[in-house]
**Student:** 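Handing you this structure, nothing more for now.
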Protein chains: 2
Amino acid sequence: MGRIQVENKASRKDVIIQKAASLFKEKGYQAASMRELAESVGVEAASLYNHIHSKTELLHIICFHVANTFTDHMDAVEASKVSAIEQVEQLLRFHIKRMVQDYEQVYVSDREWKHLAEPYLSNFQNQRRTYRKRFAAIIQAGIKAGSIKKIDAPTAVLIMLHAISGIESWHRSKAKINGKELEEQMISILIGGLKQS
Amino acid sequence: MGRIQVENKASRKDVIIQKAASLFKEKGYQAASMRELAESVGVEAASLYNHIHSKTELLHIICFHVANTFTDHMDAVEASKVSAIEQVEQLLRFHIKRMVQDYEQVYVSDREWKHLAEPYLSNFQNQRRTYRKRFAAIIQAGIKAGSIKKIDAPTAVLIMLHAISGIESWHRSKAKINGKELEEQMISILIGGLKQS
DNA sequence: CCTACCGATCGGTAGG
DNA sequence: CCTACCGATCGGTAGG
């Protein structure tokens with residue numbers, strides 16, 4: 001009985017988080033109200049607080065879930081023994097896939113993190129900054145190895161990550177090419193932009 | 001006397017719009033309050049309404065000012081008789097320059113337009129969609145001419161425009177390269193990504 | 001999980 | 001341009 005209750009609770013919480021990501025993405029964190037969220041979950045607003053502590057907790061669950069996914073992937077890429085340009089391609093493909101498959105949470109993490117409360121805000125910014133530095137270091141290694149053209153590595157990171165966030169518009173568009181094709185197109189343009197010409 | 005009054009009013013309104021862009025950029029449209037805006041202008045909240053009609057009016061002034069700037073530039077580019085790839089470069093350089101020099105308004109237009117009220121919302125979306133179609137048509141012409149590699153033109157537009165929005169992160173960063181250098185780096189990567197390899 | 005409710009804050013108005 | 005104020009809505013709590 002206790003077991004079932006726990007399972008139900010966990011599942012209910014997951015639904016709330018998923019619906020919150022969808023709502024935050026659509027309206028923005030501030031404009032999304034807990035009453036709207038409750039309605040989309042199918043309960044009264046007060047009932048949400050049996051599963052979560054606050055609205056801001058929902059945001060930081062989403063943001064850190066996404067951030068940790070990318071940090072973990074970076075660990076794996078750094079441990080792999082392929083060339084720098086191949087590491088960059090692995091990173092880009094992972095970003096693209098996350099954005100294609102799980103874009104609501106990724107989008108919210110990307111665009112709404114400003115609304116995090118301290119100390120989560122500082123932690124998130126630090127984690128993000130560290131991730132970008134590690135990404136830039138890989139690009140720098142590629143430049144040194146001669147497989148990537150001489151560019152400012154932090155600028156390249158910035159371009160890559162923001163370009164990928166454009167997949168949000170792809171989700172909205174009517175006549176969209178399929179996800180796999182999108183990935184290949186983006187890789188072609190972005191990796192093409194890094195290579196020596 | 002009447003003349004001076006009109007001039008003062010116009011100038012005051014411009015200050016309000018500029019401060020609003022700054023505040024909307026920093027906190028998001030919904031999270032920015034009219035009381036905060038009033039404070040940054042140096043008046044009481046109620047006094048703002050002698051210059052503007054509503055909070056939403058501030059947002060649509062900003063969004064359409066930016067959108068019209070880009071639409072006007074597109075007219076000029078289409079009228080120029082250079083090659084498609086050079087037209088693309090002109091468009092990218094203009095976007096980069098706007099983002100470097102006037103990024104608060106451009107940023108707000110990019111990220112906060114969702115909060116526009118009808119009929120401005122639909123008008124804005126239409127204008128933006130039309131702009132992107134014209135941009136994609138130029139890329140398509142470049143593909144036909146053989147100067148741009150065979151890619152999905154709408155996807156390429158998406159990548160270019162979002163990559164440029166990353167300049168927001170550049171503004172925040174401490175150890176930033178200068179604006180002109182940033183422009184050249186971005187052009188090198190983005191135009192490099194479009195060309196035949 | 002719900003009903004009932006609270007204090008705070010919001011955009012905006014009246015009136016001078 | 002200000003003081004005074006309004007109705008609406010917000011996130012969240014008490015109590016069952």
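Quick note on labels: first sequence line is chain A, next is B, and so on, each numbered from 1. Side chains included, hydrogens not; waters and symmetry mates left out as well; all remaining heavy atoms used.
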**Student:** Evaluate the criterion ring pair (Phe, Tyr, Trp, His ring centres under 6.0 Å) for residue pair B:His95 and B:Phe70; output intermediate values, then yes/no.
**Tutor:** CA-CA 8 Å; B:His95 274 274; B:Phe70 286 117; 4.2 Å; yes

**Student:** Determine whether the side chains of B:Gln185 and B:Glu181 contain a donor N or O and an acceptor N or O closer than 3.5 Å.
**Tutor:**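 Their side chains do contain a donor-acceptor pair, which is all the 3.5 Å distance test asks for.
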
**Student:** Go through the steps for B:Glu86 and B:Ser83 under the test side chain to side chain donor-acceptor pair (under 3.5 Å), then give the verdict.
**Tutor:** CA-CA 5 Å; B:Glu86 284 171 307; B:Ser83 71; 3.0 Å; yes

**Student:** For A:Val157, which of A:Val88, A:Ile139, A:Leu91 qualifies under side-chain contact (heavy atoms from CB on, under 4.5 Å)?
**Tutor:**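 Among A:Val88, A:Ile139, A:Leu91, the one meeting side-chain contact (heavy atoms from CB on, under 4.5 Å) with A:Val157 is A:Ile139.
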
**Student:** Would you kindly give the CD-to-C1' distance between A:Glu44 and C:dC1, to the nearest whole Å?
**Tutor:**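 Rounded to the whole Å, the gap is 9 Å.
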
**Student:** Under the 3.5 angstrom rule, does the side chain of A:Lys55 hit a backbone N or O of A:Tyr29 as a donor-acceptor pair?
**Tutor:**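 Checked: pair present.
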
**Student:** Without decimals, in angstroms, what is the distance between B:Leu37 CG and C:dT9 P?
**Tutor:**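 Distance check: B:Leu37 CG to C:dT9 P gives 18 Å.
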
**Student:** Write out the stems for DNA chain C, ordered by first number and formatted as range with range, counting runs of at least 3 consecutive Watson-Crick or G-U wobble pairs under 3.5 Å.
**Tutor:**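 So the stems come out as C:1-16 with D:1-16.
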
**Student:** Measure the distance from CZ on B:Phe24 to C1' on C:dC10 and round it to the nearest whole Å.
**Tutor:**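 About 13 Å, once rounded to whole Å.
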
**Student:** Just wondering, do B:Leu58 and B:Met34 contact through their side chains at under 4.5 Å, heavy atoms?
**Tutor:**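 Heavy-atom side-chain distance check passes, below 4.5 Å.
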
**Student:** Count the heavy atoms of every other residue, nucleotide or ligand shown that sit under 6.0 Å from NZ of B:Lys180, and state whether that count exceeds 12.
**Tutor:**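 Yes, NZ of B:Lys180 has more than 12 neighbouring heavy atoms, counting only those of other groups under 6.0 Å.
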
**Student:** Apply the hydrophobic cluster definition, ILVMFWY joined by side-chain contacts under 4.5 Å directly or through others, and give me every member besides A:Val82.
**Tutor:**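 ILVMFWY cluster around A:Val82 holds nothing else.
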
**Student:** Going 5' to 3' along nucleotides 11-16 of chain D, which nucleotides have protein heavy atoms under 4.0 Å from the base (write B), which only from the sugar-phosphate (write S), and which from neither (write -)?
**Tutor:** BBB---

